[in-house]
Amino acid sequence: MPSASLRLAVAVVGAGAAGLVAARELRREGHTPVVFERAAAVGGTWLYTAPATSSDPLGAAATHSSLYASLRTNLPRETMGFLDFPFAAGAAAGSRDPHRFPGHEEVLRYLEAFARRFDLLRLVRFETEVLSVRREDGGRWAVTSRKLGEKGSGDEEFYDAVVVCNGHYTEPRIAVIPGVDAWPGKQMHSHNYRVPEPFLDQVVMVIGASASAFDISRDIASMAEEVHIADRSAPASTCKKQPGYDNLWLHSMIDHAQEDGTVVFQDGSSIKADVIMHCTGYLYDFPFLGDDSTITVDDNRVDPLYKHIFPPEVAPHLSFIGLPWKVIPFPLFELGPKWVARVLSGRIKLPSKDKMMEDGKAFYLKLEARGLPKRYTHNFSNYQFEYDDWLAEQCGHPPMEERRKQMYAVNSMNKAARPESYRDEWDDEHLVAEANEYFKKFL
């Protein structure tokens with residue numbers, strides 16, 4: 001056990017990938033973590049669940065996961081794993097999917113194997129919802145939780161610190177479409193999409209240009225009469241049939257919707273659609289936090305945070321893991337808690353509150369200078385490895401392996417060049433061989 005000056009009781013909200021690795025790192029540092037999880041199993045967003053049939057198709061409903069049945073990873077498995085627990089084909093008990101870009105079931109099996117390997121399941125309170133997290137006089141945190149299905153105000157317990165790992169793929173972000181309130185068709189968000197069969201012979205309008213919009217539009221095209229994709233980045237006059245499909249078109253963004261079921265694009269062209277599918281991303285949401293958390297969420301900027309983790313006013317006793325997107329998530333999830341755990345134990349000292357605030361403001365000025373909106377605050381597409389390596393340096397951990405960085409870059413190029421087939425055609429065999437050699441010391 002490392003010598004640590006402080007050993008704290010820590011509440012961890014969520015038992016997905018971030019919550020599991022946070023619990024491991026906290027315990028390694030000598031702290032006592034308790035993990036609160038609404039679901040009956042670990043996995044977070046990787047735990048496939050069907051939405052309740054009575055739920056609002058535009059809302060978060062009662063399900064946390066946003067997985068659709070056909071989902072495969074858009075990163076090769078060799079890049080995805082935690083730093084000391086490779087996501088190697090066949091490594092996890094029950095592994096049945098050897099693909100480099102496996103389906104979501106294989107990712108869940110990997111996380112389950114991780115939880116078993118590091119004896120994390122006994123730390124998790126399953127089917128337990130966190131109702132509120134409140135800061136007490138003296139700096140401790142009152143955490144009120146309740147077992148699902150039970151009534152009453154819940155049970156209140158006190159912790160020295162709270163680590164928020166509740167994910168950010170649950171609260172849907174909805175596109176604003178003039179006239180849509182009078183439009184007679186069905187609207188839904190990709191959060192509630194699972195299989196294509198309900199769209200048989202329908203005309204479906206998909207909004208978005210993300211990985212989910214790409215995958216879902218192709219999935220639905222196997223059943224629908226027509227699928228039309230509206231992309232805000234496409235030129236105004238765009239109307240392109242997509243290669244390999246007779247019923248799939250790319251358009252510019254929607255201008256407005258009409259009472260007769262018509263959806264009109266920015267160039268004035270139009271279609272009559274049965275369904276509008278919002279593949280428009282998600283909102284950060286922390287319903288259990290009050291004002292004493294000292295953070296706000298404005299246009300998807302969680303503010304103020306030092307290095308996207310600590311609110312300066314209450315650091316280090318409240319922290320957020322997993323906010324960055326456009327990243328390789330699991331290694332980043334691991335490095336954050338390594339830093340948090342050592343800060344909580346006193347082995348690493350944070351800057352003063354003023355310096356942390358200044359750091360955040362300087363970062364925002366850089367975003368503004370590049371013309372990026374607030375909602376891109378936690379988009380790490382251009383500097384994720386710089387951030388990963390900074391976290392690693394803080395913890396005395398080696399930087400991210402170079403082969404992982406190279407694989408990510410090659411995958412990005414392959415995806416752009418061959419969007420329909422990049423998961424099954426690649427040209428980085430030398431990096432795969434390097435990864436397999438690297439894995440041997442862990443397996």
Side-chain angles (χ1 to χ4, degrees), residues 1-2 7-49 62-65 67 77 80-88 90-97 102-131 133 143-150 154-155 157 159-167 169-170 288 319 321-322 329-338 340-341 344 442-443:
M1 181 71 66
R7 297 183 179 183
L8 306 182
V10 185
V12 178
V13 183
L20 289 173
V21 75
R24 187 189 71 166
E25 295 304 319
L26 289 163
R27 189 176 59 187
R28 279 180 167 179
E29 188 64 13
H31 304 298
T32 304
V34 174
V35 185
F36 295 86
E37 172 54 53
R38 289 187 79 252
V42 299
T45 197
W46 294 100
L47 187 63
Y48 181 90
T49 53
T63 182
H64 178 80
S65 175
L67 294 179
R77 67 194 304 149
M80 285 183 64
F82 295 117
L83 300 175
D84 61 355
F85 192 74
F87 189 15
S95 174
R96 293 187 293 275
D97 185 347
H104 58 82
E105 301 94 340
E106 182 77 352
V107 183
L108 179 60
R109 283 191 286 267
Y110 169 77
L111 293 175
E112 291 169 340
F114 178 82
R116 291 192 299 270
R117 168 65 179 80
F118 296 101
D119 193 23
L120 302 175
L121 296 176
R122 62 187 178 87
L123 305 179
V124 184
R125 295 183 186 175
F126 292 108
E127 297 185 300
T128 303
E129 180 179 18
V130 173
L131 301 177
V133 172
V143 177
T144 302
S145 64
R146 184 175 61 200
K147 291 288 288 185
L148 294 185
E150 292 184 357
D155 299 319
E157 298 171 300
Y159 293 87
D160 301 302
V162 177
V163 181
V164 178
C165 306
N166 68 327
Y169 295 109
T170 296
F288 44 85
S319 57
I321 299 300
F330 294 1
L332 184 145
F333 292 170
E334 180 175 354
L335 290 167
K338 284 183 185 294
V340 169
L344 287 174
F442 296 108
L443 301 177

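- Distance check, rounded to the nearest 0.5 Å: CD of E106 to CG of L111 gives 10.5 Å.
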Inset, instruction - Would you please test N166 and F288 for side chain to side chain contact (heavy atoms under 4.5 Å, CB included) and show each step? - result: CA-CA 10 Å; N166 68 327; F288 44 85; 3.7 Å; yes
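- Residue G81 comes nearest to P331 through the heavy atom pair O-CG, 3.5 Å, listed as atom of the first residue, atom of the second, then distance.
- Looking at heavy atoms from C-beta onward, E29 lies out of side-chain contact with E25 at the 4.5 angstrom threshold.
- Interatomic distance, E127 CD to E150 CD, rounded to the nearest 0.5 Å: 10.5 Å.
- Side chain of D160 to main chain of A9: a donor-acceptor pair is present (N/O by atom type, distance under 3.5 Å, no hydrogens or angles).
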Inset, instruction - Could you go through the salt bridge (charged side-chain N to carboxylate O under 4.0 Å, His left out) check for R24 and E334 one step at a time? - result: CA-CA 9 Å; R24 187 189 71 166; E334 180 175 354; 2.9 Å; yes
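- No side-chain heavy atom of F330 sits less than 4.5 Å from a side-chain heavy atom of F87.
- With a 4.5 Å cut-off on side-chain heavy atoms, L26 and L344 count as touching.
- With hydrogens and angles disregarded, a donor-acceptor distance shorter than 3.5 Å links the side chain of E37 to the backbone of A15.
- The backbone N or O of T45 sits less than 3.5 Å from a side-chain atom of S65, completing a donor-acceptor pair.
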Inset, instruction - Give the intermediate values and the outcome of side chain to side chain contact (heavy atoms under 4.5 Å, CB included) for residues L83 and L335. - result: CA-CA 9 Å; L83 300 175; L335 290 167; 3.8 Å; yes
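- When all heavy atoms of A11 and V143 are compared, the closest pair comes out as CB-CG2, 4.0 Å.
- Evaluated for a side-chain contact (heavy atoms from CB on, under 4.5 Å) with Y159, the options V10, V34, V133, V12 yield exactly one hit, V34.
- Atom-to-atom distance recorded for L20:CG and L121:CG is 8.0 Å, nearest 0.5 angstrom.
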Inset, instruction - Would you sort out whether R7 and T32 count as a side chain to side chain contact (heavy atoms under 4.5 Å, CB included), showing the intermediate values? - result: CA-CA 7 Å; R7 297 183 179 183; T32 304; over 6 Å; no
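- D97 contributes no side-chain N or O that, together with a main-chain N or O of P102, makes up a donor-acceptor pair within less than 3.5 Å.
- Contact record, A18 with I321: CB-CG2, 3.9 Å, taken as the closest heavy-atom pair.
- Of all heavy-atom pairs spanning H31 and L8, the tightest one is ND1-N, 3.0 Å.
- Between F118 and R28, the closest side-chain pair of non-hydrogen atoms falls below 4.5 Å.
- Checking side-chain atoms of K147 against main-chain N and O of F126 turns up a donor-acceptor pair under 3.5 Å.
- You'll find the ring centres of F82 and F333 outside the 6.0 Å limit.
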Legend entry - Evaluation steps, side chain to side chain contact (heavy atoms under 4.5 Å, CB included), between W46 and L67: CA-CA 7 Å; W46 294 100; L67 294 179; 4.1 Å; yes
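- The heavy-atom pair separating L148 from R38 by the smallest distance is CD1-O, 3.0 Å.
- The two residues L123 and A23 come nearest to each other via the heavy atoms CD1-CB, 4.1 Å.
- Contact check for R96 versus R109: side-chain heavy atoms found under the 4.5 Å cut-off.
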